[in-house]
Number of protein chains: 2
Amino acid sequence: MEIEQAYPYLMERAIRQMRMVSQQTFLQAGVDITVEQWVVLYIIHDGQGLSQVEITEFAFKDAPTVTRIIDNLVKKGWVYRQMSSEDRRKFEIYTTNEGKMMVKKLLPMVMAIREQGIVNISESDLRVFKRVLGRLIENFEK
Amino acid sequence: MEIEQAYPYLMERAIRQMRMVSQQTFLQAGVDITVEQWVVLYIIHDGQGLSQVEITEFAFKDAPTVTRIIDNLVKKGWVYRQMSSEDRRKFEIYTTNEGKMMVKKLLPMVMAIREQGIVNISESDLRVFKRVLGRLIENFEK
DNA sequence: TAACAATAGTTGTCATGCTAATTATTGTAA
DNA sequence: TTACAATAATTAGCATGACAACTATTGTTA
């Protein structure tokens, strides 16, 4: 089928498979976390005190999605909201100690998966790959 | 933020933006269809008489998702299920005339979006891009 | 042939993604 | 200062994606 050669199809498929591998890895490590929760947890961990809007921008997700993911991270005890003192519409989001431990535990796995993906791909091909991705993003920006 | 340079992040972002552009295009054309519905409709149109399992494989989606997308396509009158005569567990899925018209209307738009994405990307870079995607898919297969 | 395994499709549950609408707060301009 | 616009976050509704459980049918094997 012709669609299987189209680049959007290949991208969807690669992403989906990577997501499945990640999810399986988290499961086998006995950690109950989704890939999306991981992404947001990592951003919060890296940013400490970001507002939800800022997290929204980094994660490239929309506000309602980020609200709910943070709700779930709070339920799991990995993250907490603190009312901003300057702007009462805002929260500052931080990781708890458990959240930090979770990042420390999962980050090596995530890095390993990322490496697994690019096995047998040359440095120069990877550079081209990233450049094309950047161009695609630009081309769809307007 | 370091995560923004990682290839999985760039891939997610490129896909998401492309999806948004597609959705906007469909909306402006006055067609009420999601990108996922488009993918499945196109596969059905191209395959005529495929079973849902086969569609599942082509679309790289899972069975419940395909069931529900087909439900929606049936509701919109673009597709119908016909019980298979050899195997009563199966349906054969076909496009209606309206479905065919819809494909004829949308396909040029989809192709144009695909072209828009790769503007200013050389032939050779695009070849490398696809090769890397194929390798990624392989690397995450096991 | 009878019991069991495998397959095709559906349904339910939960999480995510998108859109629109809502609340609370802050910024701005007459 | 008051009225209005903009911003931050939430809520609700719908579609999709992943997973588990289920029904109906077909295949296989003792």
Side-chain angles (χ1 to χ4, degrees), chain A residues 12-13 15-28 31-41 44 49-76 79-93, chain B residues 12-13 15-28 31-41 49-57 59-76 79-93:
Chain A
E12 290 271 10
R13 182 159 172 185
I15 291 252
R16 191 108 31 115
Q17 291 198 185
M18 183 169 191
R19 180 184 310 275
M20 285 165 68
V21 169
S22 305
Q23 202 59 72
Q24 271 310 111
T25 304
F26 294 160
L27 183 67
Q28 278 162 21
V31 180
D32 178 29
I33 188 173
T34 68
V35 174
E36 290 76 18
Q37 286 168 15
W38 159 256
V39 170
V40 173
L41 176 62
I44 292 170
L50 295 175
S51 71
Q52 294 189 193
V53 167
E54 288 167 324
I55 293 168
T56 288
E57 285 158 6
F58 285 127
F60 205 71
K61 297 176 187 298
D62 54 301
T65 298
V66 168
T67 291
R68 279 179 302 210
I69 292 176
I70 291 176
D71 285 348
N72 288 330
L73 292 175
V74 169
K75 272 183 210 153
K76 289 177 176 175
V79 144
Y80 64 97
R81 290 179 167 99
Q82 184 179 293
M83 182 85 74
S84 161
S85 46
E86 303 105 45
D87 187 337
R88 298 198 314 177
R89 294 170 301 184
K90 283 189 186 176
F91 292 114
E92 294 163 1
I93 319 288
Chain B
E12 289 271 9
R13 183 161 170 183
I15 289 262
R16 192 108 31 115
Q17 290 197 185
M18 182 170 192
R19 180 184 312 277
M20 285 165 66
V21 169
S22 305
Q23 202 59 74
Q24 272 309 111
T25 304
F26 294 159
L27 182 68
Q28 279 163 21
V31 181
D32 178 29
I33 188 173
T34 67
V35 174
E36 290 76 18
Q37 286 168 14
W38 158 256
V39 170
V40 173
L41 176 61
L50 296 175
S51 71
Q52 295 189 194
V53 167
E54 288 167 326
I55 294 169
T56 289
E57 284 158 8
F60 206 70
K61 297 178 187 299
D62 63 353
T65 299
V66 167
T67 290
R68 278 178 297 219
I69 291 176
I70 291 176
D71 286 348
N72 287 331
L73 292 175
V74 169
K75 271 183 210 153
K76 289 177 177 175
V79 145
Y80 64 95
R81 290 181 167 100
Q82 183 179 295
M83 181 85 73
S84 161
S85 46
E86 305 105 45
D87 187 336
R88 300 198 314 179
R89 291 170 303 184
K90 283 189 185 176
F91 292 115
E92 293 164 4
I93 319 289

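Naming convention: chains lettered A, B, ... in sequence-line order (proteins, then strands); numbering from 1 in each chain.
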Atom-to-atom span, CG of L41(A) to C1' of dT16(C) - whole angstrom: 17 Å
Any Q24(A) side-chain heavy atom under 4.5 Å of M20(A) side chain: no
Which residues share a salt bridge (charged side-chain N to carboxylate O under 4.0 Å, His left out) with E92(A), sequence neighbours left out: none
Relative orientation of the end axes in the helix from dT1(C)-dA30(D) to dA30(C)-dT1(D), expressed as an angle to the nearest 10° (five pairs per end): 10°
Closest nucleotide among dG17(D), dC18(C), dA15(D) to the T34(B) side chain: dA15(D)
Sequence-distant partners of R88(B), salt bridge (charged side-chain N to carboxylate O under 4.0 Å, His left out), two or more places apart: none
K76(B) NZ to dC14(D) P, straight-line distance once rounded to whole Å: 13 Å
side-chain N/O N72(B) vs dT16(D) OP1/OP2, d < 4.0 Å: yes
Contacts of S51(B) that satisfy side chain to side chain donor-acceptor pair (under 3.5 Å) - sequence neighbours left out: E54(B)
Criterion side-chain contact (heavy atoms from CB on, under 4.5 Å) against Q37(A), the qualifying member of L73(A), V31(A), V79(A): L73(A)
Which pairs would a plain distance check flag for residues 64-72 of chain B, meaning a side-chain donor or acceptor within less than 3.5 Å of a matching protein atom at least two apart in sequence or in another chain?
| residue | atom | partner | partner atom | Å |
| --- | --- | --- | --- | --- |
| T65(B) | OG1 | D62(B) | OD1 | 2.5 |
| T67(B) | OG1 | Q52(B) | NE2 | 3.4 |
| T67(B) | OG1 | A63(B) | O | 3.2 |
| D71(B) | OD1 | R81(B) | NH1 | 3.0 |
| D71(B) | OD1 | R81(B) | NH2 | 3.0 |
| N72(B) | ND2 | R68(B) | O | 3.4 |

For E57(B), side chain to side chain contact (heavy atoms under 4.5 Å, CB included) partners two or more places apart: V53(B)
Spacing between F26(B) atom CZ and dA15(D) atom P, to the nearest angstrom: 16 Å
Filtered N/O pairs between nucleotides 3-5 of chain D and protein, under 3.5 Å:
none

Phosphate-side-chain proximity, Q37(B) and dT16(D), N/O vs OP1/OP2 below 4.0 Å: yes
Length of the line joining Q24(A):CD and dA18(D):C1', which is rounded to integer Å: 11 Å
Pairwise 5' ranking along DNA chain D for D62(B) and K75(B), keeping only the more 5' one: K75(B)
Atom pair distance, as rounded to whole Å: CG in D32(B) and C1' in dA15(D): 11 Å
Whole-Å distance separating the CD atom of E86(A) from the P atom of dG27(C): 11 Å
Sugar-phosphate, base or nothing in reach of Q23(B), heavy atoms under 4.0 Å: nothing
Inter- and intrachain pairs under salt bridge (Lys or Arg N to Asp or Glu O under 4.0 Å), touching residues 15-28 of chain A, at least two apart: E12(A)-R16(A), R19(A)-E36(A), R19(A)-E12(B)
Whole angstrom value for the distance that separates C1' of dG17(C) from NZ of K61(B): 13 Å
Summary of protein contacts for nucleotides 3-11 of chain C, nucleotide by nucleotide, where a base hit scores B, a sugar-phosphate-only hit scores S (4.0 Å, heavy atoms): ---BBSSBB
Nucleotide dT25(C), atom C1' - distance to CE of M83(A) in whole Å: 10 Å
Contacts of K61(B) that satisfy salt bridge (charged side-chain N to carboxylate O under 4.0 Å, His left out) - sequence neighbours left out: none
Heavy-atom closest pair, residues V74(A) and Y80(A): CG2-CA, 4.4 Å
Shortest non-hydrogen contact between T34(A) and F26(A), atoms and distance: O-CE1, 4.4 Å
Contacts of type ring pair (Phe, Tyr, Trp, His ring centres under 6.0 Å), residue F60(A), not counting sequence neighbours: none
